[in-house]
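The basis for the numbers below is simple: all heavy atoms, side chains too, and nothing from hydrogens, waters or symmetry mates.
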Amino acid sequence: MDETEFWALIDSTRREADGDPEEQADLLVERLTQLDPDAVTYFARHFESRYSRAYQWDLWAAAWILLDGASDDVFDGFRCWLIGQGREVFEGAAHDADALAGLLADFDEELDGDGEDLGFAADEAYEQLTGTVLPELGLPEAPADPAGVPLDLENPTALAERLPKLWDRFRND
């Protein structure tokens with residue numbers, strides 16, 4: 001499975017699930033179990049590498065703004081959700097978190113922002129296919145700290161200065 005196939009699978013399941021991350025995760029598992037275990041492993045590598053790439057201070061700030069707060073666990077689920085939004089949204093946000101202000105058509109903090117189940121889709125599919133756990137992916141160790149310049153996530157002024165478009169659209173009440 002190459003990068004194009006990875007994103008095609010993400011996009012098709014998101015559309016079919018009508019944006020519901022839990023339904024999207026179920027559809028991903030269903031689709032992945034139709035592939036061979038090696039393809040599922042490649043999917044997992046693509047997912048995990050993007051998950052690590054999204055470990056950025058600016059994206060954590062974006063999650064904080066969109067969700068009105070984001071612990072480390074909530075941020076983990078947000079990164080999975082962000083991948084589930086597809087290549088355009090993910091790549092745009094990974095390059096410039098403030099771009100999410102224009103990339104997201106809408107955002108409902110009760111329904112959006114948590115795609116934790118997406119992060120386990122490959123594991124579940126692999127186990128269904130083989131009866132064993134997904135092997136080590138052979139990727140570099142995840143960084144201990146987010147990439148970029150740290151900021152005080154509990155400081156509204158710092159958030160508004162770092163991500164002004166996102167702040168204006170989603171928190172400037």
Side-chain angles (χ1 to χ4, degrees), residues 3-29 31 43-122 142-173:
E3 184 177 16
T4 301
E5 293 167 316
F6 169 80
W7 285 117
L9 192 52
I10 293 287
D11 287 339
S12 67
T13 56
R14 184 189 69 257
R15 282 190 303 272
E16 193 173 329
D18 200 25
D20 180 325
E22 288 181 20
E23 177 67 20
Q24 184 180 9
D26 291 342
L27 288 167
L28 271 174
V29 171
R31 300 279 167 70
F43 177 91
R45 283 188 188 116
H46 285 295
F47 195 96
E48 191 63 31
S49 68
R50 277 143 193 88
Y51 181 78
S52 291
R53 183 174 168 211
Y55 194 48
Q56 304 174 24
W57 279 109
D58 285 358
L59 286 175
W60 201 338
W64 197 280
I65 291 169
L66 289 166
L67 298 169
D68 198 20
S71 67
D72 55 348
D73 289 339
V74 170
F75 182 48
D76 290 345
F78 179 83
R79 291 186 288 156
C80 292
W81 174 84
L82 188 60
I83 295 165
Q85 297 310 292
R87 185 179 210 161
E88 181 183 348
V89 172
F90 177 82
E91 293 294 340
H95 178 70
D96 175 10
D98 207 26
L100 278 171
L103 292 168
L104 296 176
D106 56 3
F107 188 88
D108 181 341
E109 66 185 70
E110 297 296 319
L111 303 172
D112 296 321
D114 182 8
E116 180 181 20
D117 292 346
L118 294 170
F120 296 109
D145 296 310
V149 179
L151 78 156
D152 179 358
L153 296 170
E154 295 184 13
N155 181 334
T157 302
L159 292 171
E161 287 174 0
R162 181 72 62 94
L163 303 172
K165 293 181 219 162
L166 205 59
W167 183 266
D168 284 346
R169 179 163 176 216
F170 292 100
R171 285 290 159 218
N172 199 5
D173 304 315

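Between the CD atom of Glu91 and the CG atom of Leu82 there is a distance of 9.5 Å, given to the nearest 0.5 Å. Here the OG1 atom belonging to Thr13 is positioned 10.5 Å from the CG atom belonging to Asp26, to the nearest 0.5 angstrom.
Side-chain atoms of Trp64 come within 3.5 Å of backbone N or O of Leu153 as a donor-acceptor pair. No donor-acceptor pair closer than 3.5 Å links the side chain of Ser52 to the backbone N or O of Ser49. For the pair Asp98 (side chain) and Leu166 (backbone), a donor-acceptor distance under 3.5 Å is present. No side-chain donor-acceptor contact under 3.5 Å links Asp73 to the backbone of Phe75. At distances below 3.5 Å, not a single donor-acceptor pair connects side-chain atoms of Gln85 with backbone N or O atoms of Phe90. Looking at Arg162, its side chain does come within 3.5 Å of a backbone N or O of Val149 through a donor-acceptor pair.
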side-chain contact (heavy atoms from CB on, under 4.5 Å) between Phe170 and Leu100, worked out: CA-CA 10 Å; Phe170 292 100; Leu100 278 171; over 6 Å; no
Test Asp18 against Gln24 for side-chain contact (heavy atoms from CB on, under 4.5 Å), laying out the working first. CA-CA 8 Å; Asp18 200 25; Gln24 184 180 9; over 6 Å; no
Start with the C-alpha gap between Leu28 and Ile10, add the side-chain angles, then the distance that decides, and say whether side-chain contact (heavy atoms from CB on, under 4.5 Å) holds. CA-CA 8 Å; Leu28 271 174; Ile10 293 287; 4.2 Å; yes
Report the C-alpha separation of Arg87 and Glu3 in whole Å, then their side-chain angles, then the decisive distance to 0.1 Å, and conclude whether the side-chain contact (heavy atoms from CB on, under 4.5 Å) test is met. CA-CA 10 Å; Arg87 185 179 210 161; Glu3 184 177 16; 3.2 Å; yes
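Counting non-hydrogen atoms of neighbouring residues, nucleotides and ligands closer than 6.0 angstrom, the CD atom of Glu22 reaches no more than 12 such neighbours. Residue Tyr51 qualifies as enclosed at atom OH: its count of foreign heavy atoms under 6.0 Å is above 12.
For the pair Arg45 and Phe47, the cation-pi criterion (under 6.0 Å, within 45° of the ring axis) is not fulfilled.
Between Arg79 and Asp76 there is a salt bridge, since at least one side-chain N of the basic residue sits less than 4.0 Å from a carboxylate O of the acidic one. One finds no salt bridge joining Lys165 and Asp168 here, because no Lys/Arg side-chain nitrogen approaches an Asp/Glu carboxylate oxygen to under 4.0 Å. With respect to the salt-bridge test (charged N to carboxylate O, under 4.0 angstrom), the residues Glu48 and Arg53 do not qualify. Between Arg14 and Glu23 there is no salt bridge, since no side-chain nitrogen of the basic residue lies less than 4.0 Å from a carboxylate oxygen of the acidic one.
For the pair Ala97 and Ala62, the tightest heavy-atom approach, listed with the atom from each and the gap, is CB-CB, 4.4 Å. Taking all atoms of both residues into account, the shortest heavy-atom contact from Leu66 to Arg171 is O-NH2, 3.3 Å. Contact between Trp7 and Ile83 at its shortest, heavy atoms only, is CZ3-O, 3.4 Å. In terms of heavy atoms, Gly115 sits closest to Cys80 at O-CB, 3.0 Å. Scanning all heavy atoms of the two residues, the minimum distance from Asp114 to Pro21 falls at O-CG, 3.4 Å. The two residues Ala122 and Phe43 have their closest heavy-atom pair at CB-CD2, 3.9 Å.
Between Trp81 and Phe107, a ring centre-to-centre spacing shorter than 6.0 Å is recorded.
Side-chain contact annotation: Tyr55 with Asp145, donor-acceptor N/O pair under 3.5 Å absent.
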